[in-house]
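Small disclaimer: the values here were computed from a predicted structure and weren't measured.
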Amino acid sequence: MQMLYPSNAVGLMLLIAFSFLLPQTAYAAVDLDEGWEYRWGDSPFTEEGVPEWVLGQDSGQWHAIDFPSNPPDRNGREHVWYRVTLPEGEWQEPVLYIFSVDLIVQVWLDGEKVYQYGSFDDQGRGRFEGWPWHAVPLPEGFEGKRAYFRIFSDYTDIGLWGEVSIMDRPDLTLFILENSLKALVIAGFSALIALLAMIFALLQTEKKSFGSIALFSLSSAVMLVAESQASQLLWNAPLVWDYLAAGSYYLLPVAMALLLEQWFSDRRPRIINLVWKIHLIYAVAAIGLALAGVVDLSSTFPVFDGILLVSLTTIAVVVARRFRDLRIEQRVILAAYGVFCTLLVVDMAVAHGVVPWWRVPVSWGTLIFSLAVVLISLWHYARTQQALHQLNLSLEQQVAERTEKAESLVRLEQARARLLTFENEKSRVLNDIISELQDCITLNQTFPVLARRLPDLCSPLRGSLYQRVEDGQAYALLTRWGYRGEPESPARIETPEGPPPQNLLPAHPGAELHYPRSEGQVEPHGSLCMWINVQSATAGQVTVALLLVEVPEEFAGDGPDYGTARLIQALNQGVQKIGIALSSISLREELHRYSYEDALTGLKNRRYFDQLLEHESAVALRSGQPLSLLIVDIDHFKQFNDTHGHEAGDAALKAVAGMLARHFRDSDVVCRFGGEEFVIIMAGSNAKAAYDKARELARAIRSMAVEHGAANLDHVTISVGVASWPECSESPDSLLGLADRALYRAKEAGRDRVEIA
């Protein structure tokens with residue numbers, strides 16, 4: 001095929017630029033729009049390979065037709081011939097211009113083949129080679145002669161398509177450029193939109209609509225370039241251009257359906273999702289099968305057009321139902337897309353012969369869509385600029401406010417500097433108080449120290465100190481300071497419902513913060529109430545004293561909130577440290593009380609047992625762990641004393657005590673209960689474990705020899721009563737009585753035995 005194109009892309013660019021500078025050209029073209037005839041079938045050939053029909057050797061009938069395309073009564077035929085008498089005219093370099101052919105063609109003139117596009121086999125068939133425009137060179141003297149067109153097509157259309165005319169070759173080049181110029185410019189503009197949308201899609205990954213717009217704009221641009229007639233001037237590869245046109249054409253509904261799916265994502269548009277998936281699958285399958293040679297690319301277009309019509313109808317229904325839910329910019333894009341789709345459907349109707357042929361301006365639909373995107377972008381830009389202006393005003397206001405705050409912070413910093421020296425002095429006083437407290441033996445010894453030193457710690461705040469009395473039912477005044485010539489503080493604060501609530505920060509300098517009080521309770525003077533707490537091993541946390549202080553207004557100075565907060569925070573931390581020191585003294589005192597021992601046996605005595613049993617009972621109730629109690633009595637101990645003397649009796653007591661100490665665990669506590677009786681507290685042991693342990697103990701005592709001086713005395717035996725919680729009792733407090741009754745039964749049953757409650 002002879003093509004009219006420059007040697008490279010630079011030449012094409014020059015031609016396009018040249019076409020801009022020239023006014024619209026009136027081409028010396030003659031349209032061949034009458035005098036056409038057709039006949040179905042294929043001509044036999046002479047021995048020289050010339051079709052007999054071009055020689056007029058066949059008497060078959062030719063039929064007139066308005067335009068050489070899709071004659072009637074096709075009925076599956078794939079071969080057709082057309083002929084027309086070429087007109088007279090004046091041309092310098094004449095060519096016969098054909099817009100397109102379905103599908104392959106030979107042109108015969110005066111018994112000679114002057115042009116062929118595609119390959120004909122022995123049966124006159126051939127494969128699809130693309131839909132280029134054709135420039136058939138005409139020899140001298142063609143005027144008045146008949147031109148014959150041999151056509152093969154297994155496509156839905158058969159014959160010539162679009163325009164058929166005669167013109168000079170240079171005019172044809174300018175004609176092609178002029179007809180393609182708008183499409184190329186719009187394609188470049190659409191490609192630019194696609195590039196910008198891709199950049200935004202990469203920068204703002206959360207906005208997936210940019211990707212869909214980029215795909216649609218890029219597909220539109222590629223389709224316009226591939227379907228423009230100027231593409232052949234750039235690269236003479238019609239089939240490649242048709243593949244590009246098909247691929248971009250097939251991806252258009254994919255891009256738009258993806259965009260709609262993202263807009264309607266909150267309503268799960270399954271139909272829209274199905275539309276883009278079907279079109280994507282079809283695009284991949286159609287192009288893949290065509291490249292593999294399984295089908296002709298031309299045969300994939302009618303199927304796609306049918307699917308596209310159904311998809312556009314479906315999308316129109318979905319969009320119409322939800323159009324009001326869309327934002328204004330989404331509506332504009334949909335409207336632009338609707339214009340594009342309308343032009344696309346009209347172009348489809350022209351391609352399939354539903355309406356007469358004319359150049360459908362599909363590129364204008366692409367331009368409208370691109371302009372809609374640009375206008376929306378400009379609108380968003382204007383809104384962004386307006387928002388930036390408002391933001392600048394807001395920032396200026398914030399700067400002014402922060403400047404004012406900075407000045408306030410400077411004043412606060414000055415107040416803080418004044419407080420630093422004050423806090424350092426208070427830290428020294430607090431350390432001295434802690435040091436004096438550590439020298440105290442009992443908790444009662446600490447209160448005179450607090451009464452003497454707390455005024456120094458709280459200065460310049462005035463206040464008072466109250467000590468807990470009557471198991472927390474009241475607090476008695478120990479000391480007060482700073483109240484010169486003012487009414488006396490209450491000597492006693494009644495607290496039947498517990499200590500008053502703590503207040504750590506005043507509402508404003510000098511404001512008195514009062515606490516709820518019961519009827520008849522005296523309200524102390526002061527703004528703040530701080531607890532001095534002690535952790536006790538038996539009673540838990542106990543508020544042993546109340547510190548009441550006031551914050552005078554003049555102390556706060558330039559920074560009342562800041563200065564007061566720092567002062568109260570430091571004072572509160574000091575009170576907590578004093579509480580820790582008092583807790584240490586209280587614990588040491590309690591441990592001292594628990595350390596009482598029996599002088600003879602070295603075991604804990606009855607007093608220790610009473611306190612420990614109460615503690616272990618409380619622990620057992622809190623933890624739910626079992627608790628067992630054993631009472632051990634030496635059998636006939638009075639008779640043993642009468643027989644061997646009291647010193648021998650003491651030896652027997654020591655021997656039994658030693659066996660008890662060795663027999664039980666470290667966690668078990670053995671105490672001398674009185675006389676010849678011993679008690680064992682077994683925390684965490686149930687009734688069976690305690691009973692087994694008691695029986696082992698009885699056997700060990702039975703076989704133990706009692707020595708006094710150099711003599712071996714008689715063996716002794718024991719009787720044991722066992723009681724366990726929760727198996728034997730509903731309360732651990734009743735274990736002692738239950739074990740005692742079990743011991744009594746053991747004695748009544750003959751002694752030297754173990755009984756369980």
Side-chain angles (χ1 to χ4, degrees), residues 27-46 50-91 94-118 120 124-126 131 133-139 141-167 172 298 349-360:
Y27 304 106
V30 176
D31 295 331
L32 301 182
D33 52 5
E34 59 182 15
W36 287 93
E37 295 179 307
Y38 78 94
R39 63 183 296 179
W40 288 110
D42 199 8
S43 171
F45 285 77
T46 65
V50 179
E52 295 179 0
W53 292 358
V54 305
L55 301 176
Q57 298 178 4
D58 185 82
S59 60
Q61 186 175 3
W62 291 80
H63 305 278
I65 189 172
D66 292 336
F67 190 80
S69 177
N70 295 322
D73 302 323
R74 181 176 181 180
N75 297 327
R77 296 186 178 110
E78 297 178 341
H79 297 86
V80 68
W81 281 72
Y82 298 98
R83 69 183 183 183
V84 68
T85 301
L86 300 178
E88 301 286 340
E90 295 182 1
W91 293 281
V95 291
L96 177 64
Y97 163 69
I98 304 172
F99 186 87
S100 183
V101 175
D102 293 313
L103 288 174
I104 59 176
V105 61
Q106 287 180 345
V107 182
W108 295 81
L109 184 65
D110 203 15
E112 295 184 1
K113 183 172 66 175
V114 296
Y115 183 82
Q116 177 171 321
Y117 180 76
F120 289 81
R125 299 172 57 85
W131 280 307
W133 53 269
H134 305 269
V136 182
L138 297 176
F142 68 89
E143 297 89 344
K145 296 181 180 179
R146 280 181 173 171
Y148 290 83
F149 301 84
R150 181 191 183 194
I151 305 291
F152 165 78
S153 175
D154 54 3
Y155 183 56
T156 55
D157 294 330
I158 185 169
L160 310 185
W161 194 79
E163 303 167 324
V164 182
S165 59
I166 299 175
M167 64 180 71
L172 177 60
S298 60
V350 172
H352 293 288
V354 179
V355 297
W357 186 90
W358 62 292
R359 291 180 181 269
V360 181

Check: W133 and L172 side chains under 4.5 Å, non-hydrogen atoms: yes

Are Q106 and F149 packed together at the side-chain level, in the sense that at least one heavy-atom pair is separated by less than 4.5 angstrom? no

For the residue pair A135 and P137, what are the closest heavy atoms and their distance? O-CD, 3.4 Å

Test item: Y38 and P72 side chains (from C-beta on) under 4.5 Å apart, heavy atoms: yes

Identify the heavy atoms of P71 and I65 that sit nearest to each other, and give their distance. CA-CD1, 3.9 Å

If we ignore angles and hydrogens, is there a donor and acceptor under 3.5 Å between the side chains of W131 and D102? yes

Quick one: is the NZ or CZ of R83 closer than 6.0 Å to the six-membered ring centre of W62, and within 45° of its axis? yes

Mind listing the closest non-hydrogen atom pair of Y82 and I158 along with its distance? OH-O, 3.4 Å

Looking at every heavy atom in both P87 and I166, which two are closest together, and how far apart are they? CD-CD1, 3.7 Å

Output for pair (F67 CZ, D33 CG), nearest 0.5 Å, gives 9.0 Å

Considering all heavy atoms, the nearest H79-F152 contact: NE2-CD1, 3.8 Å

I want to know whether W53 and F45 have ring centres closer than 6.0 Å. no

Inter-residue atom distance E37.CD - R146.CZ, 0.5 Å rounding: 5.5 Å

First locate atom OH of Y148, then atom CH2 of W108, and finally report the distance between them rounded to the nearest 0.5 Å. 12.5 Å

Report yes or no: is the cationic atom of R39 (NZ for Lys, CZ for Arg) under 6.0 Å from the centre of the six-membered ring of W81, at an angle within 45° of the ring normal? no

List the steps and the verdict of side chain to side chain contact (heavy atoms under 4.5 Å, CB included) for E143 and L86. CA-CA 6 Å; E143 297 89 344; L86 300 178; over 6 Å; no

Mind running side-chain hydrogen bond (donor to acceptor under 3.5 Å, both in side chains) on W36 and E34 for me, showing each step along the way? CA-CA 6 Å; W36 287 93; E34 59 182 15; over 6 Å; no

Which distance, rounded to the nearest 0.5 Å, do you find between the CG of L109 and the CG of L96? 9.5 Å

Got F142 and D110 here, is their nearest side-chain heavy-atom distance under 4.5 Å? no

Under the 3.5 angstrom rule, does the side chain of S69 hit a backbone N or O of L160 as a donor-acceptor pair? yes

Within the distance-only criterion (no hydrogens, no angle test), does the side chain of R74 pair as donor or acceptor with the backbone N or O of T156 below 3.5 angstrom? yes

Using side-chain contact (heavy atoms from CB on, under 4.5 Å) as the criterion, point out the one residue from V101, V136, L138 that pairs with V107. V136

I would like to know whether S43 and V54 meet side chain to side chain contact (heavy atoms under 4.5 Å, CB included); could you show each step before the answer? CA-CA 9 Å; S43 171; V54 305; over 6 Å; no

Is any side-chain heavy atom of H63 closer than 4.5 Å to a side-chain heavy atom of W40? no

Got a second to check how far S153's OG is from W161's CH2, nearest 0.5 Å? 13.5 Å

Measure the CD-OG distance between E163 and S100 for me, rounded to the nearest 0.5 Å. 11.0 Å

With sequence neighbours left out, the residues meeting ring-ring contact (aromatic ring centres under 6.0 Å, His included) with Y97 are F175

What heavy-atom pair brings Y117 and L103 nearest, and what distance separates the two atoms? CD2-O, 4.2 Å

Stepwise, does the side chain to side chain contact (heavy atoms under 4.5 Å, CB included) test hold for V30 with S165? CA-CA 5 Å; V30 176; S165 59; 6.0 Å; no

